[in-house]
Undergrad: 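Structure in C-alpha cells, see below.
When a residue number appears, it is its place in the shown sequence, counting from 1.
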Amino acid sequence: MCKRILYLVLFLVLSASGQEKLDLYFDFDQHQLNEQAIKKINSWIAEGKDYQVTKLYGFCDWKGTNAYNDTLALKRVNEVYNFLKDSEIDVTKNIEIRGFGEDFEQSPVQGENRRVTIIYQVKKEANVVPKESVVAEKQPEKAVEVPKKEFKERMKTAKKGDLIRLENIYFFNNSAQVVPKSEPVLYDLLCAMVDNPKLKIEIQGHICCKSPEQKEVISTARARAVYNYLIRGKIDRSRMSFKGYGVSRPVHKIPEKNALEEDENRRVEILILEN
C-alpha cells in the first residue's frame, strides 16, 4: 500500500513540475530491452532534444513472488540506465531509481505492467549546425564506396582525410533507426576499429528529402546511432566523433527522383582522422 501511495504522489508531482515521461515495455520475465523498446528509445533520442533524465522507475506484472519481481524491476531499470549512458544522454548524478515490482495499480493489460518509465525534462533544443557554417568548411574528398570484401583492407590502409562511404548503411525515413540489412555493415565497421587500434574517425550523418533551409537533427542522430553501436562494442570514445551534415552533401540532387536515390542520400560516411 505504501508503494502505491508513493507512486501516486510521485506522478502528481511529475504532472505539476512540467517533466515528461517515456514508457519502455519488456517481454515477459525478461530484463533486456527488446527490439520494439530499442526502436522507441532510439526514435526518442533522434528527436535531437537536450534531455536530462531525472528518474527511472521499474515495474513488473503480478506473476512471480514479490521479491522476484522487485529484483526484476531493478534489473530492467539498470538495463535502461546503461543504454542511456552509452547513448550519452544526460542522466543526473542524483537520479532517483525505484523498482516498484508488482506493487502498484496494475493494468488489466499485462504487457503494460512490464515496463520502465523514464522521467525527463528538456533543457533546450539541441544545437544544429547552420547551413552556412557547413558550406564554409573545407570539403573532404568525395566518398569512396567500398565493396564488403575490400572493406577491411580499405580501412587498414586508409589515410588521414580519406572519406569512406559505407555500403548499405541505410535508415528509415525521418528516423535514426538502421534498416535490418545494414546491421552486418555496422559489425564490419566494429571489426575494423578493433583490428586497427590506431584508427580514429569522424562519423558523418546525412539525410534526404529536405530543403537546405530546414533545421535538421536527424542526420546528427544517425551519426550518433553508429557511434553508440561502436561504444557498445567497447571502442574507446577518444577514437571517435560524430557530426550531422543535413542535406548539405547529397549524393543525388534534392528532391530525389526515386526511393533508391532517397536511400543513397540517407547515409553515413567515415572520415579518417588518424590511422
Side-chain angles (χ1 to χ4, degrees), residues 42 45-46 48 128-131 133-196 198-210 212 216-231 233 235 237-254 256 259-275:
N42 276 335
I45 292 171
V128 179
V129 179
K131 178 193 172 189
S133 64
V134 171
V135 173
E137 294 177 351
K138 181 180 179 181
Q139 302 291 315
E141 298 176 12
K142 184 177 180 181
V144 177
E145 188 168 348
V146 182
K148 182 176 181 180
K149 63 181 180 180
E150 300 176 7
F151 179 77
K152 183 176 180 179
E153 186 63 25
R154 181 70 178 90
M155 292 294 286
K156 183 178 179 179
T157 60
K159 298 179 181 179
K160 181 178 179 179
D162 285 354
L163 187 62
I164 300 174
R165 180 182 170 192
L166 299 182
E167 185 180 13
N168 292 327
I169 289 286
Y170 299 138
F171 296 83
F172 292 108
N173 196 21
N174 292 322
S175 169
Q177 180 189 342
V178 179
V179 300
K181 68 180 180 180
S182 296
E183 292 174 5
V185 186
L186 290 176
Y187 181 73
D188 288 341
L189 176 59
L190 173 62
C191 290
M193 295 295 290
V194 171
D195 292 343
N196 301 282
K198 294 182 179 180
L199 182 62
K200 294 186 178 181
I201 62 174
E202 179 184 79
I203 305 163
Q204 301 182 349
H206 305 270
I207 61 169
C208 77
C209 319
K210 301 285 186 181
E216 185 55 64
V217 297
I218 294 293
S219 62
T220 301
R222 287 175 177 168
R224 180 167 56 189
V226 176
Y227 175 87
N228 288 341
Y229 176 88
L230 296 175
I231 289 292
I235 302 301
R237 298 171 191 269
S238 66
R239 297 175 59 197
M240 304 178 293
S241 61
F242 62 89
K243 188 172 183 179
Y245 286 89
V247 294
S248 65
R249 300 178 180 180
V251 175
H252 302 284
K253 185 178 179 180
I254 296 176
E256 296 85 355
L260 176 61
E261 290 190 354
E262 290 179 358
D263 265 352
E264 292 184 347
N265 278 345
R266 283 192 295 266
R267 70 195 192 280
V268 168
E269 294 170 342
I270 304 300
L271 175 64
I272 306 300
L273 301 179
E274 291 184 27
N275 199 3

Undergrad: Would you please test Leu189 and Ile203 for side chain to side chain contact (heavy atoms under 4.5 Å, CB included) and show each step?
TA: CA-CA 11 Å; Leu189 176 59; Ile203 305 163; 5.6 Å; no
Undergrad: If you measure from CD1 on Ile272 to CG on Leu199, what distance do you get to the nearest 0.5 Å?
TA: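 Ile272 atom CD1 to Leu199 atom CG measures 5.0 Å (nearest 0.5 Å).
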Undergrad: Within the structure provided, determine whether Arg239 and Leu230 are in side-chain contact (heavy-atom separation under 4.5 Å).
TA: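 They are not in side-chain contact.
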Undergrad: So, does Asn265 use its side chain to make a donor-acceptor pair with the main chain of Pro250 at under 3.5 Å?
TA: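 Such a contact is absent between Asn265 side chain and Pro250 backbone.
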Undergrad: Go through Asp188 and Met155 one step at a time and tell me if the side chain to side chain contact (heavy atoms under 4.5 Å, CB included) criterion holds.
TA: CA-CA 10 Å; Asp188 288 341; Met155 292 294 286; over 6 Å; no
Undergrad: CG of Leu166 to CZ of Phe151: how many Å apart, nearest 0.5 Å?
TA: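 Result: 5.0 Å between the selected atoms.
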Undergrad: Mind checking the CD1-CD spacing from Ile254 to Glu256? Nearest 0.5 Å is all I need.
TA: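 Reported to 0.5 Å precision, the distance equals 5.0 Å.
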Undergrad: Which heavy atom of Val268 sits nearest to which heavy atom of Arg222, and what is that distance?
TA: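 Result for this residue pair: CG2-O, 4.3 Å.
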Undergrad: From His206 NE2 over to Glu269 CD, what is the distance, rounded to the nearest 0.5 angstrom?
TA: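 If we round to the nearest 0.5 Å, His206:NE2 and Glu269:CD are 4.0 Å apart.
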Undergrad: Has Asn275 got a side-chain atom pairing as donor or acceptor with Lys159's backbone, closer than 3.5 angstrom?
TA: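 Side chain of Asn275 to backbone of Lys159: no pair is present.
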Undergrad: So, for Ser219 and Gly246, which heavy atoms are closest and what is the spacing to 0.1 Å?
TA: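 Minimum heavy-atom separation between Ser219 and Gly246: OG-N, 2.9 Å.
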Undergrad: How far apart are the C-alpha atoms of Val226 and Phe242, what are their side-chain angles, what is the distance that settles it, and do they pass the side chain to side chain contact (heavy atoms under 4.5 Å, CB included) test?
TA: CA-CA 9 Å; Val226 176; Phe242 62 89; over 6 Å; no
Undergrad: Answer yes or no: is there a donor N or O on one side and an acceptor on the other, between the side chain of Arg154 and the main chain of Ile164, under 3.5 Å?
TA: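 Side chain of Arg154 to backbone of Ile164: no pair is present.
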Undergrad: Flag the pair Met193 / Ile201 as yes when at least one side-chain heavy-atom distance between them is below 4.5 Å, and no otherwise.
TA: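 With C-beta onward as the side chain, the pair touches.
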Undergrad: Find out whether Asn228 and Asn42 are in side-chain contact, i.e. whether some heavy atom of one side chain is under 4.5 Å from a heavy atom of the other.
TA: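 The answer is no; the side chains never approach within 4.5 Å.
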Undergrad: With side chain to side chain contact (heavy atoms under 4.5 Å, CB included) as the criterion, how do Met240 and Ile231 come out once you've worked through the C-alpha distance, each side chain's angles and the decisive distance to 0.1 Å?
TA: CA-CA 9 Å; Met240 304 178 293; Ile231 289 292; 3.7 Å; yes
Undergrad: For the atom pair CD (Glu264) and CZ (Arg165), what is the distance rounded to the nearest 0.5 Å?
TA: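 If I round to the nearest 0.5 Å, the distance is 5.0 Å.
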Undergrad: What's the spacing between Lys200 NZ and Ser241 OG if we round to 0.5 Å?
TA: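 Spacing of NZ (Lys200) from OG (Ser241) equals 10.5 Å.
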